Amino acid sequence: MTEVRNPFADPLRFERRVPECAIVIFGAAGDLAKRKLLPALYRLAYDRRLPASFAIVGNSRTPMSDEDYRERMREAVKQFSEDGDFDEELWKRFAANLHYVAGDVKDPQLYLSLKEKVTATGQANILFYLSTQPSYYTVIVDGIGHSHMAAAPDGAWRRLIVEKPFGHDLGSAKELNSRIHAVFREEDTYRIDHYLGKETVQNILALRFGNGIFEPLWNRRYINHVQITAAESIGVEGRGGYYQEAGALRDMIQNHLLQVMATVAMEPSAVFEPDAVRDERAKLLRSIKIMRPEEVDQYAVAGQYKGFRQEPGVNPDAQTDTYAAGTFFVDNWRWAGVPFFIRSGKKLPKRVTDIAIQFNQAPLALFGKAAGAGDGEQKARPNLLILRIQPEEGISLLFLSKEPGSGMRLRPVSMDFNYGTSFGERSPSAYETLLVDAMVGDATLYTRQDMVEASWTVIQPILENWNNRRFDFPNYDAGTWGPAEADTMIAKLSRQWRNS
């Protein structure tokens with residue numbers, strides 16, 4: 001009998017041997033490369049996860065020599081590495097494998113120069129990373145195809161990592177998929193969602209399917225509702241021009257939070273292999289009830305913070321949603337009738353991303369006034385399971401306990417699990433996890449074409465409604481939890497947001 005490997009229960013996940021390869025980064029002088037990609041690759045080298053002969057070939061339009069690029073990335077890695085001291089000797093060895101080719105992605109000559117540079121590194125396997133603005137994605141894929149860089153020799157591979165956003169609506173997502181598939185097969189296309197690389201999101205599956213106590217309760221009989229929150233305390237931070245074309249609904253809910261919802265609510269897969277896990281996530285996304293046009297105002301809320309229109313690069317009359325909230329239902333036997341409340345916004349009171357799973361109240365207020373109730377009604381809070389994604393990854397379970405002393409007064413207490421203190425070791429960043437997975441060919445945590453199109457299908461009615469109306473923006477103050485309409489939306493279903 002063949003043993004099935006479970007990638008989520010693999011204690012040596014980062015001990016897997018990364019094959020020799022070259023990583024070609026388009027947009028290699030941009031913000032993502034400086035803040036995330038190069039620090040993640042440096043850390044992988046620091047932890048000896050990369051083979052000594054790996055190669056990184058960066059591209060952008062800025063004229064630079066290899067040495068100029070190495071020095072610029074040295075400063076970026078020193079500035080943006082999340083932990084650990086900078087090792088000068090390690091950097092020298094790392095930088096020796098760091099190369100640069102200047103050129104415009106619209107110029108066919110660039111791809112010939114890249115091909116020549118990669119060939120000089122001696123690497124047969126190539127991982128292409130699109131870290132540019134989305135309008136260049138098809139241009140770059142066409143250039144890779146026309147230069148025959150996507151054609152791998154026998155025994156080698158060519159893979160493509162695509163950053164979000166993957167399209168700006170359902171139609172553009174389908175068109176982008178079609179253009180990519182003209183050059184790369186679906187199994188070689190890795191659509192990256194860094195939320196799925198975070199330890200807590202991965203741990204949802206371990207929590208559910210690795211423990212006997214949770215899965216029997218993970219259904220409509222015991223769960224009252226689920227809240228998924230992605231709050232930022234900052235504004236657009238100089239990205240006003242980009243953000244006013246995206247908005248919170250596209251930027252966060254479609255790209256990240258619906259994928260998180262699918263991970264929370266999916267059915268268990270028969271085996272833990274990439275396609276089996278992604279099949280179940282895709283099935284859940286397709287089961288989300290699509291809002292009818294007349295339901296959008298009832299189940300979706302748009303907001304914009306005061307001051308957004310004064311941000312650099314933002315149109316003074318911008319109708320951009322810097323806050324979006326929605327109520328979603330899943331049409332299957334496990335979740336029928338259970339609301340999933342999703343919200344995301346900028347300029348909120350604090351930076352936090354978490355999943356709150358609220359269980360039903362105990363069916364009988366057994367302890368009455370002795371539990372601190374008024375008028376005979378139990379005030380006790382329901383049981384709550386909180387999965388913290390950021391800033392501090394961990395899990396909390398809220399339950400009731402008797403207070404010390406005479407009488408029977410109940411008080412909420414929590415059991416807390418924190419990654420840093422519980423394991424006593426550093427957790428890899430999401431980009432470290434996802435880069436390793438792409439290099440070894442494990443697509444479990446990457447988004448498949450049908451999943452992208454399913455999530456666009458869910459929010460398409462909301463997009464169409466919001467595009468065809470004019471909001472009275474701005475409608476919430478910076479430092480608050482968003483517009484009052486979001487509270488009204490959830491209150492209509494006799495719930496309230498968890499804002500602690």
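Values reported hereafter were calculated over all heavy atoms of this structure, with side chains retained and with hydrogens, waters and symmetry mates removed. Counting begins at 1 with the first residue of the sequence. As the structure is a computational prediction, the values presented were derived from the model and not from experiment.
Salt bridge status for R334 with E215: present, with a side-chain N to carboxylate O gap under 4.0 Å. A salt bridge links D47 with R43: the distance from a Lys NZ or Arg NE/NH1/NH2 to an Asp or Glu carboxylate oxygen falls below 4.0 Å. We find that K306 and D477 are joined by a salt bridge, their nearest charged nitrogen and carboxylate oxygen being less than 4.0 Å apart. For D450 and R278, the salt-bridge test fails: no basic side-chain N is under 4.0 Å from an acidic carboxylate O. Residues R250 and D169 are not paired through a salt bridge, judged by the lack of any N-O separation under 4.0 Å between the basic side chain and the carboxylate.
Residues that satisfy the ring-ring contact (aromatic ring centres under 6.0 Å, His included) test with F26, not counting sequence neighbours, are absent from this structure. Residues meeting the side-chain hydrogen bond (donor to acceptor under 3.5 Å, both in side chains) test with K164, sequence neighbours left out: D251. With sequence neighbours left out, Y299 forms a side-chain hydrogen bond (donor to acceptor under 3.5 Å, both in side chains) with no residue at all. Under the salt bridge (Lys or Arg N to Asp or Glu O under 4.0 Å) criterion, E485 pairs with no residue at all, not counting sequence neighbours. With sequence neighbours left out, the salt bridge (Lys or Arg N to Asp or Glu O under 4.0 Å) criterion links D487 to no other residue. Under the rule for a salt bridge (Lys or Arg N to Asp or Glu O under 4.0 Å), the partners of E232 that lie at least two apart in sequence or sit in another chain are K346. For K198, there are no salt bridge (Lys or Arg N to Asp or Glu O under 4.0 Å) partners two or more places apart in sequence or in a different chain. With sequence neighbours left out, N224 forms a side chain to side chain contact (heavy atoms under 4.5 Å, CB included) with Q358, N360, R495. A276 meets the side chain to side chain contact (heavy atoms under 4.5 Å, CB included) test with S269, V271; sequence neighbours excluded. Applying the side chain to side chain contact (heavy atoms under 4.5 Å, CB included) rule to A265 yields the partners L284, W335, F340; only residues at least two apart in sequence or on another chain are considered. Legend: residues meeting side chain to side chain contact (heavy atoms under 4.5 Å, CB included) with A248, ordered by chain and number and at least two apart, are Y243, D321, A324.
Ring to ring, F328 and F341 are not that close: their centroids are 6.0 angstrom or more apart. With ring centers used as reference points, Y129 lies 6.0 Å or more from Y431.
The only member of T263, T433, I192 that meets side-chain contact (heavy atoms from CB on, under 4.5 Å) when paired with L445 is T433.
Between the side chains of S287 and D331, no donor N or O sits under 3.5 Å from an acceptor N or O. At a cut-off of 3.5 Å, with distance as the only test, a side-chain donor of T322 or Y476 sits close to an acceptor on the other residue. Side-chain contact of Q254 with S455: a donor-acceptor pair under 3.5 Å is present, judged by distance alone. Using a 3.5 Å distance cut-off with no hydrogens or angles, the side chains of E163 and S131 do not pair a donor with an acceptor. For S233 and R351, the side-chain atoms include no donor-acceptor pair closer than 3.5 Å. For the 3.5 Å distance criterion, the side chains of Q449 and E453 qualify, holding a donor opposite an acceptor.
Under the 30°/60° scheme for interplanar angles, the aromatic rings of F86 and Y42 are found to lie parallel. Classified by interplanar angle (parallel below 30°, tilted 30° to 60°, perpendicular above 60°), the ring pair Y195/H256 is parallel.
Judged by a 6.0 Å distance limit and a 45° cone about the ring axis, R191 is not positioned over the six-membered ring of Y446.
Minimum interatomic distance between W481 and L348 (heavy atoms only, all atoms of both residues): C-CD2, 3.9 Å.
Identified under the salt bridge (Lys or Arg N to Asp or Glu O under 4.0 Å) test for residues 252-265, with sequence neighbours left out: none.
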Derivation of the side chain to side chain contact (heavy atoms under 4.5 Å, CB included) call for Y305 and Y323: CA-CA 8 Å; Y305 67 80; Y323 176 99; over 6 Å; no
Verdict with supporting geometry, I459 and L258, side chain to side chain contact (heavy atoms under 4.5 Å, CB included): CA-CA 10 Å; I459 72 162; L258 284 178; 3.9 Å; yes
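Within 6.0 Å of atom CZ in R309, more than 12 heavy atoms from other residues, nucleotides or ligands are found, so the atom counts as buried in its surroundings. For Q496, the CD atom counts as loosely surrounded, since its 6.0 Å shell holds 12 or fewer non-hydrogen atoms of other residues, nucleotides or ligands.
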